[in-house]
Amino acid sequence: MTDRRTQLLEEIERRRDDLIELTQALIRIPTLNPPGDNYREICDFLATRLRARGFIIELVRAAGAPGDSDRYPRWNVVGHKEGRSAGECLHFNSHIDVVTVGEGWTTDPFGGELRDGRIYGRGTCDMKGGLATSIIAAEAFIDVYADFAGAVEISGTADEETGGYGGVAYLAEKGFFSPERVQHVIIPEPLNKDRVCLGHRGVWWGEIETKGRIAHGSMPFLGDSAIRHMGAVLAEIEATLYPALELKHTVMPVVPPQARQSTMNINSLHGGQAEPEAGYTGFPSAVVADSARMVVDRRYLIEESGAEVRQELVDVLERVKARRKNFRYELRELWQVSPTLTDRHAPIVEAVSAAIGEVLGLAPEYVVSPGTYDQKHIDRIGKLKNCIAYGPGILDLAHQPDEWVAVDDMLDSAKVMALALLRLLGPR
Ligand SMILES: [Zn+2]
């Protein structure tokens with residue numbers, strides 16, 4: 001007689017068609033964000049599926065969250081399944097939204113076409129494939145180990161692609177992610193089936209404005225050009241800040257490796273007159289720019305703080321001020337997210353690592369994401385440190401045309417998730 005562990009893995013193999021059909025069904029509900037299409041439809045679909053497996057379902061609208069409106073309500077779904085005895089809760093959190101389609105597709109982005117073992121469509125990789133994988137893993141586990149301890153939760157949440165405020169952040173504020181309720185979290189983002197993602201770098205966005213004085217463009221000496229002041233700021237950033245950022249390295253195993261240092265993107269630059277409205281065919285008028293604005297997107301390391309990041313920019317601006325006449329500026333912080341790094345020996349990391357070894361026969365790679373994802377809210381608002389991203393799909397395919405996920409990778413990941421469930425919630 002085969003033991004139950006073997007039975008569990010066989011059970012997942014047997015559900016291959018179910019996994020394919022579930023992924024296709026999710027892809028065929030276009031949940032583009034922005035604006036946030038069909039959130040209720042996909043939540044209802046997930047609710048029906050999970051309710052049939054004995055999950056208690058809660059549908060939660062993030063009323064009043066950014067983006068929420070009666071036309072585009074921010075719906076979320078949370079399913080909760082109790083085991084036969086007391087124990088811990090493992091929560092699988094997936095975002096239900098997908099990014100815009102873009103150009104260059106050779107297949108229907110919402111068709112879910114299956115070809116050569118791959119399912120194609122917007123969101124297959126990021127991350128409806130991961131969502132379907134976690135559902136198959138949880139259902140197989142519950143069926144084979146009906147006597148499991150603790151609880152399994154599966155959520156589908158809104159707006160990850162636009163910051164997660166109408167999704168995980170809202171749920172965390174309402175107590176859905178809290179140490180009393182949830183002990184382990186897996187976010188099945190597409191990090192590749194043999195990698196465990198421990199967290200992400202921090203984010204600091206700010207806007208720098210330089211001030212000038214308007215005058216006639218034929219007599220610029222009577223005014224003061226905010227654009228020339230901004231030019232001096234850019235020169236100082238090139239001369240001192242970028243070289244300093246390149247020297248800041250981290251213990252975080254960020255992928256790709258070029259992101260294993262501090263980085264800063266100049267997101268936008270505006271100076272002087274606004275762009276003319278569409279349809280205006282005349283010339284601009286002759287004025288000296290009295291304002292220039294630059295938005296910077298700074299990604300920082302666990303070794304740094306948001307306050308230090310801000311101070312570095314203040315130092316740049318003060319150095320410019322010391323040598324330029326009439327230099328005036330404002331620095332406005334737009335938003336900030338602290339870096340997150342789950343302990344390498346946290347229980348969820350150990351459980352998934354052991355399962356990767358068992359299913360794939362290799363040691364997992366530990367990685368950190370260059371950008372943030374919903375783990376930021378689970379960590380800061382939910383106070384849950386025992387959280388990772390782990391799921392099928394090749395990260396580089398996310399947001400690309402002809403995005404796909406391989407069925408075999410989903411099956412392997414489902415086995416890893418099921419064995420992690422067994423290790424953490426197995427019958428006592
Ligand atoms: Zn994603």
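Ligands are counted one by one from 1 in listed order, and the atoms in each one are counted from 1 as well.
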Which of the N/O/S atoms in Asp126 sits closest to the Zn ion (ligand 1)?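 The Zn ion (ligand 1) is closest to the Asp126 atom OD1, counting only N, O or S.
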To the Zn ion (ligand 1), the closest N, O or S atom belonging to Glu189 is OE1
Report whether any nitrogen, oxygen or sulfur of Glu161 sits less than 2.8 Å from the Zn ion (ligand 1) (N, O or S, backbone or side chain). no
For the OG atom of Ser338 and the NE2 atom of His200, what is their distance to the nearest 0.5 Å?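 Those atoms lie 8.5 Å apart.
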Assess, by modelled atom type and distance only, whether the side chains of [X] and [Y] contain a donor and an acceptor separated by less than 3.5 Å.
X	Y	result
Glu173	Tyr165	no
Ser155	Asn93	yes
Ser369	Gln375	no

